[in-house]
There are 2 protein chains.
Amino acid sequence: MIYSSELIKGTLKTIVLKMLEDNVRMYGYEMTQKVKELTKERIQITEGALYPTLHMLEQEGLVTTELEYNGKRARKYYSLSPEGKSKTTERVNELADFMNTMKFLLDIKTQTA
Amino acid sequence: MIYSSELIKGTLKTIVLKMLEDNVRMYGYEMTQKVKELTKERIQITEGALYPTLHMLEQEGLVTTELEYNGKRARKYYSLSPEGKSKTTERVNELADFMNTMKFLLDIKTQTA
DNA sequence: TGCTAATACTTAAGAATCTTATGTATCTTT
DNA sequence: AAAGATACATAAGATTCTTAAGTATTAGCA
């Protein structure tokens, strides 16, 4: 089962930041594969969504990049900047908090009745 | 703390359906107040987002409506149709599943290291 | 060797969904 | 009487995603 795309909306940035926190240095395509693997194919990040997001994060100064060549093939590695690190903590905490609230909302009946 | 609006994206429809499942019959404004109350102000559904969503749900046949007057003031009550009920179960389950996956993604480090 | 699939990045057009703003009207409280 | 809360609706703009197309390299296989 692949989650409907609506659900993933709004969480992509946070996922990317978290991946970089855990893995220190990653390139875009690698992120799509890693997330796919970790979520057992349930979350599929499309390149059309990912790359613009990475460019935004770079413009915002949350990540830095290094272009490297594996043979002739270019890979653009991303790492968290200091601001990126604190932003990651913020966002992950907010998302965790949000999910707790949502779980409460979705389970009201079971919890009160 | 109010959650950044990005987080709520994609969950509004599910929240509305769940509210109707728990409360049987509600009108739009009431939903905004109920969600605000239940989430201690953390989730604020704006009317500009809610009403179009309710209209969509009606067009999709997931809810039925009844217009009632409280004095001269109109209230449009919404209820789940049979299709709406099964759709609610589907969506709530999917969201719960998605949140488990996200929790796993966000906590990898704590779980593996 | 030549084809296909996978790897790796980019960007543009369109769709979906939300914010912000505005409008209308009624009712309650001060 | 005015202000704020209640109750609905919708339009313009912003954001973020999907879909699609393009370019190029590398790996695997028949």
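These numbers come from a predicted model, not from an experiment. These numbers come from the heavy atoms of this one structure, side chains and all, not from hydrogens, waters or symmetry mates. Labels below follow one simple rule: chain letters A, B, ... track the order of the sequence lines, proteins then strands, and each chain is numbered from 1.
Mapping A:Gly10 and B:Tyr77 onto DNA chain D by nearest heavy atom places B:Tyr77 closer to the 5' end of the strand. Toward the 5' end of DNA chain D, the nearer of the two residues A:Gly71 and A:Gln44, judged by each one's closest nucleotide, is A:Gln44. Nearer the 5' end of DNA chain C, as judged by each residue's closest nucleotide, is the contact made by A:Ala49, out of B:Met56 and A:Ala49.
Considering only side-chain atoms of B:Thr53, the nucleotide from C:dT7, D:dA9, C:dC18 that sits closest is C:dC18. Of the candidate nucleotides C:dT11, C:dT26, D:dT10, C:dT26 has the atom nearest to the side chain of B:Arg73. For A:Lys9, taking side-chain heavy atoms from C-beta onward, the closest of the listed nucleotides D:dT19, D:dA9, C:dT17 is C:dT17. Comparing D:dT19, C:dT26, D:dT10 against the side chain of B:Lys72 picks out C:dT26 as the nearest. The B:Glu47 side chain lies nearest to D:dC8 when the options are D:dT18, C:dT19, D:dC8.
Atom-to-atom, CZ of B:Arg75 to C1' of C:dT26 comes out at 11 Å; the value is rounded to the nearest Å. Atom CG of B:Leu50 and atom C1' of D:dA9 are 11 Å apart (whole Å). Rounded to an integer number of Å, the gap from B:Tyr27 OH to D:dA9 P is 14 Å.
Within 6.0 Å of NZ in B:Lys13 there are more than 12 heavy atoms belonging to other residues, nucleotides or ligands.
B:Leu57 pairs with exactly one of B:Leu20, B:Leu80, B:Thr65, B:Leu17 by the side-chain contact (heavy atoms from CB on, under 4.5 Å) rule, that one being B:Leu17.
Side chain to side chain, A:Lys103 and B:Asn100 meet the donor-acceptor criterion of an N or O pair below 3.5 Å.
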